[in-house]
Amino acid sequence: MDILKSPFMSDMTRISREIYAKGWGEANGGNISLRITPGEMHAYLHCLTSGPTVELSKAVPELAGDYFLVTGTGVFFRNVAEYPHESLGIVKVNEDGASYTVVWGYASGGRPTSELPTHLPAHATRKRVTNGESRVVLHTHATNLIALSFVLPLDTKIVSRELWEMMSECVVLFPEGLGVMKWMMPGSEEIGQETAKMLEKHALVLWAHHGIFGAGKSMDQAFGLIETADKAAEMLLKVMAAGGKKQAIAAEELKALASTFGLTPMAGVLD
Ligand code: 13P
Ligand code: ZN
């Protein structure tokens, strides 16, 4: 079996193309990691090699033994589908969770994304809070969400409410709201730890003036969350440019909508 034809590889190349088409992946902006389950990996174990082992600055014992397909640092999303072997790599977190080994890819001497200190703790958190269901962490420079971070207060409840009001899908897709973080140094351990903490409660986390992190059980779910939030942000920006809201979906209506789907909106947002 050719690993380049595996479902996880096609998922990665397909979404990379979509991200570029959205205009969210300028140059090397953005990165993705996908946890490959042992069942999915089984058919491709013969394709793996043992590359360099790298110590992690912060151990992730929750991910010990897990495989991740990860975009390389400096990689342009627009090139991933054409050059998957160079653009992507598979890393295996070692048994103590303190290091990883590159077992496939980064063919031209690349290495995993500089945001790995966020991706791995993010996976650890989402794996735990979703009982192992969450498998994708997607970071992208979603234009409208970034723009919004310049004009709204950097407050989780305020931004969540504003997005929920823009379209009915928002409270249904992310009833737990969207976590908002102030600007922090990209690639740092601090931003990674802070993001992982936010992901305890939210599947979406906005990095002010930089981009968005979305987590999901599939590539489509993570992408769909970001796509929906970014569309709501786009509408909000248009509404603001048109002179501001004259009316919107009311708090009681949003509560009723969530309740129709058996969902509980984040506390304190609609009160
Ligand atoms: P990488 O090229 O290292 O993945 O970084 C891109 C990015 O978006 C940093 O936040
Ligand atoms: Zn980024």
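As the structure lists them, so they are numbered: ligands from 1, and atoms in each ligand from 1.
- Considering every non-hydrogen atom in both Lys157 and Gly268, the closest pair reads CD-O, 3.8 Å.
- The closest donor-acceptor contact from the side chain of Arg35 to the backbone of Asp66 lies at 3.5 Å or more, if one exists at all.
- Aromatic ring pairs are classed by plane angle as parallel below 30°, tilted from 30° to 60° and perpendicular above 60°; the pair Phe150 and His209 is tilted.
- For the pair Pro186 and ligand 1, the shortest N or O to N or O distance does not fall below 3.5 Å.
- From the protein, the heavy atom lying nearest to atom 8 (O) of ligand 1 is Gly30 N, 2.8 Å.
- Within ligand 1, the atoms closer than 4.0 Å to a non-hydrogen atom of Glu115 are 9 (C), 10 (O), numbered from 1 in the order shown.
- In the vicinity of Thr73, heavy-atom distances shorter than 4.0 Å reach the ligand 1 atoms 1 (P), 2 (O), 3 (O).
- Among all non-hydrogen protein atoms, the one lying nearest atom 6 (C) of ligand 1 is Asn28 O, 3.2 Å.
- Not one N or O on the side chain of His139 forms a donor-acceptor pair closer than 3.5 Å with the backbone of Asn31.
- Two residues are said to be in side-chain contact when any heavy atoms from C-beta on lie closer than 4.5 Å; Leu88 and Phe8 fail this criterion.
- The backbone N or O of Leu145 sits less than 3.5 Å from a side-chain atom of Asp230, completing a donor-acceptor pair.
- The option with the heavy atom closest to atom 5 (O) of ligand 1, from among Ser114, Gly25, Gly72, Gly29, is Ser114.
- Counting the atoms of ligand 1 from 1 in the order shown, those under 4.0 Å from a heavy atom of His210 are 10 (O).
- With a 4.0 Å cut-off on non-hydrogen atoms, Asn31 touches ligand 1 through its side chain and not its backbone.
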Inset, instruction - Report the C-alpha distance between Thr195 and Trp207 in whole Å, list the side-chain angles of each, state the deciding distance to 0.1 Å, and finish with yes or no for side chain to side chain donor-acceptor pair (under 3.5 Å). - result: CA-CA 9 Å; Thr195 308; Trp207 281 3; 3.0 Å; yes

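- Close approach of ligand 1 to His139 (heavy-atom distance below 4.0 Å) involves ligand atoms 8 (O), 10 (O).
- Looking at His210, its N, O or S atom nearest to the Zn ion (ligand 2) turns out to be NE2.
- With respect to the salt-bridge test (charged N to carboxylate O, under 4.0 angstrom), the residues Arg14 and Asp220 qualify.
- Geometrically, ligand 1 and Trp207 share no nitrogen or oxygen pair separated by less than 3.5 Å.
- For atom 4 (O) of ligand 1, the closest non-hydrogen atom of the protein is Thr113 OG1, 2.7 Å.
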